[in-house]
Amino acid sequence: MTARDSVLRRMDWPLTLAALALSGLGSLLVWSATRNRTELNNGDPYGFLVRHSVNIGIGLVLMVGTVWLGHRTLRGAVPVLYGLSVVLVALVLTPLGTTINGAHAWLDIGGFSLQPSEFTKITIVLGMAMLLAERVDAGDRTYPDHRTVLQALGLAALPMAIIMLMPDLGSVMVMAVMVLGVLLASGASNRWVFGLMGAGAAGAVLVWQLGVLDEYQINRFAAFANPELDPAGVGYNTNQARIAIGSGGLHGTGLFNGTQTTGQFVPEQQTDFIFTVAGEELGFLGAGLIILLLGVILWRACRIARDTTELYGTIVATGIIAWFAFQSFENIGMTLGIMPVAGLPLPFVSYGGTSMFAVWIAVGLLQSIKVQRPMSA
């Protein structure tokens, strides 16, 4: 009982409460976006709400399990977890893979859809942290050497290359930012960071020239560059998202009263474009509350990364910060027209089981780093 009380006392409760508040708010937004969509809910207006709530419950169990196991215990299991995640993303390229919303990034197993790239984000962070921090935490070095950095980059490159073949550009973008964040936190030479940024720019040009991207992804970038290019086609999502958010004003039209939402003008409003429901029905104040709660999560994660005494914990926390920060910015930015549409969910808010499980596991890792920190730190 004393040990359990100590764990509960040392947990970062503002982090957990902010994540819970976001998930609860997301449940209402998902319900509003789907209750009238009979082609999606099969006549059950509560169907998506129930499934979303179940996903949150499973996510909480996964968070508790992650804290119980501890990030240090998981450190020893990284090779197995990493290998499993690579196998899962590779299976997407087999007949087991399925296409949803234009992205061939899912596994259909017994009627249950799984997006392996979400779990790969976790294993990339854990794997790179294990390699980069091993000799530093052991006291052999003060920063990772070039050979270790190359090994860590190779570890991240393998699943990213497979995911790019799907192609799932949005997930690769998030992972690239995570890799940069991890390298910065590890103390690796800045030459690696600037070199990767240059290689990334060159790689983007090469991918474009080789035609790796699907036509719908190219059209999304074209619509971002010129929203008036095809307002009834590739620019439709972004234009309707702007209309929905702009019509909310300061206070919003009220939950369940948004004309864009009830009229089903914004596609994929329960997933990628969930922020438009908040902007229309809850207004600037409600949308601002979502951003504020995301900010609280990032603030607490930064505190955890700063205060831990082991490099491994710092790297893991920083990788999660980069993940949450970029994915949130990209998701909200694409609804406002300041970022290209990339098919990324809003953490803790959007409907989707795999993404919900992954972000709560990440919260569990952050809590483990906080809980297992020596009391004197």
Side-chain angles (χ1 to χ4, degrees), residues 3-27 29 52-53 55-75 118-119 121-122 125-126 129 174 177-178 181-182 185 274-275 278 287-329 331-332 345-350 352 355-377:
R4 186 176 69 180
D5 290 345
S6 177
V7 169
L8 292 175
R9 186 171 61 253
R10 297 178 66 180
M11 284 181 63
D12 193 310
W13 286 105
L15 169 64
T16 300
L17 292 176
L20 277 173
L22 272 177
S23 295
L25 187 56
S27 298
L29 299 178
H52 192 67
S53 300
N55 290 338
I56 295 171
I58 295 173
L60 287 170
V61 172
L62 291 173
M63 180 201 72
V64 173
T66 303
V67 176
W68 178 73
L69 286 173
H71 68 290
R72 292 171 185 163
T73 300
L74 290 174
R75 183 176 186 171
E118 292 293 331
F119 295 131
K121 295 172 185 175
I122 298 172
V125 168
L126 291 175
V174 174
V177 173
M178 290 166 56
V182 163
I274 191 71
F275 191 75
L289 176 61
I290 289 177
I291 296 174
L292 176 63
L293 290 171
L294 287 168
V296 170
I297 291 174
L298 294 174
W299 164 51
R300 301 309 301 180
C302 287
R303 289 282 300 269
I304 291 171
R306 183 198 67 184
D307 293 342
T308 185
T309 57
E310 57 178 2
L311 182 60
Y312 175 72
T314 297
I315 294 175
V316 171
T318 304
I320 294 171
I321 293 166
W323 166 13
F324 286 0
F326 179 78
Q327 188 160 318
S328 299
F329 179 78
N331 179 276
I332 295 173
L346 185 59
F348 302 99
V349 182
S350 292
S355 60
M356 186 65 72
F357 303 158
V359 295
W360 277 108
I361 291 173
V363 171
L365 287 170
L366 291 171
Q367 293 288 12
S368 173
I369 295 168
K370 172 70 162 57
V371 167
Q372 294 188 15
R373 190 180 75 227
M375 292 297 290
S376 60

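Worth knowing before you read on, the calculation uses all heavy atoms, side chains too, and leaves out hydrogens, waters and symmetry mates.
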Where do G352 and S355 come nearest, in terms of heavy atoms and distance? O-OG, 3.1 Å

4.5 Å side-chain heavy-atom contact, T318 and V182: no

Please tell me if the side chains of L60 and W360 come closer than 4.5 Å, counting only heavy atoms from C-beta onward. yes

Side-chain contact, heavy-atom cut-off 4.5 Å: I297 with F324? yes

Heavy-atom side-chain contact between L29 and F275 under 4.5 Å: no

L62 side, atom CG; I361 side, atom CD1 - distance, nearest 0.5 Å: 4.5 Å

Between G70 and S368, which heavy-atom pair has the shortest distance, and what is it? CA-OG, 3.2 Å

Report the C-alpha distance between D12 and R300 in whole Å, list the side-chain angles of each, state the deciding distance to 0.1 Å, and finish with yes or no for salt bridge (charged side-chain N to carboxylate O under 4.0 Å, His left out). CA-CA 8 Å; D12 193 310; R300 301 309 301 180; 2.9 Å; yes

Are the side chains of L346 and I290 in contact, using a 4.5 Å heavy-atom criterion? yes

For V67 and G364 the tightest heavy-atom approach is CG2-O, 3.5 Å

So do the side chains of V349 and L25 get within less than 4.5 Å of each other, counting heavy atoms only? no

Heavy-atom donor-acceptor pair, T308 side chain to I304 backbone, under 3.5 Å: no

Hey, what do you get for CG (L292) to CG (L22), rounding to the nearest 0.5 Å? 9.0 Å

Pairwise side-chain contact, L293 with F348, heavy-atom cut-off 4.5 Å (strictly under): no

One pair to check against side chain to side chain contact (heavy atoms under 4.5 Å, CB included): L365 and V125. What are the steps and the verdict? CA-CA 11 Å; L365 287 170; V125 168; over 6 Å; no

Which atom pair, heavy atoms only, marks the closest approach of S350 to H52? O-CE1, 3.3 Å

Shortest non-hydrogen contact between M356 and S23, atoms and distance: SD-OG, 4.1 Å

L366 CG to H71 NE2 distance, which is reported to the nearest 0.5 Å: 10.5 Å

For a 4.5 angstrom cut-off between non-hydrogen side-chain atoms, does T16 reach Q367? yes

Note: L294 and P347 closest approach over all heavy atoms is CD2-O, 4.2 Å

Check for a donor-acceptor pair, side chain of S27 on one end and backbone N or O of S53 on the other, with a separation under 3.5 Å. no

Please assess F119 against F357 for the test ring pair (Phe, Tyr, Trp, His ring centres under 6.0 Å), listing each intermediate value before the final yes or no. CA-CA 8 Å; F119 295 131; F357 303 158; 7.0 Å; no

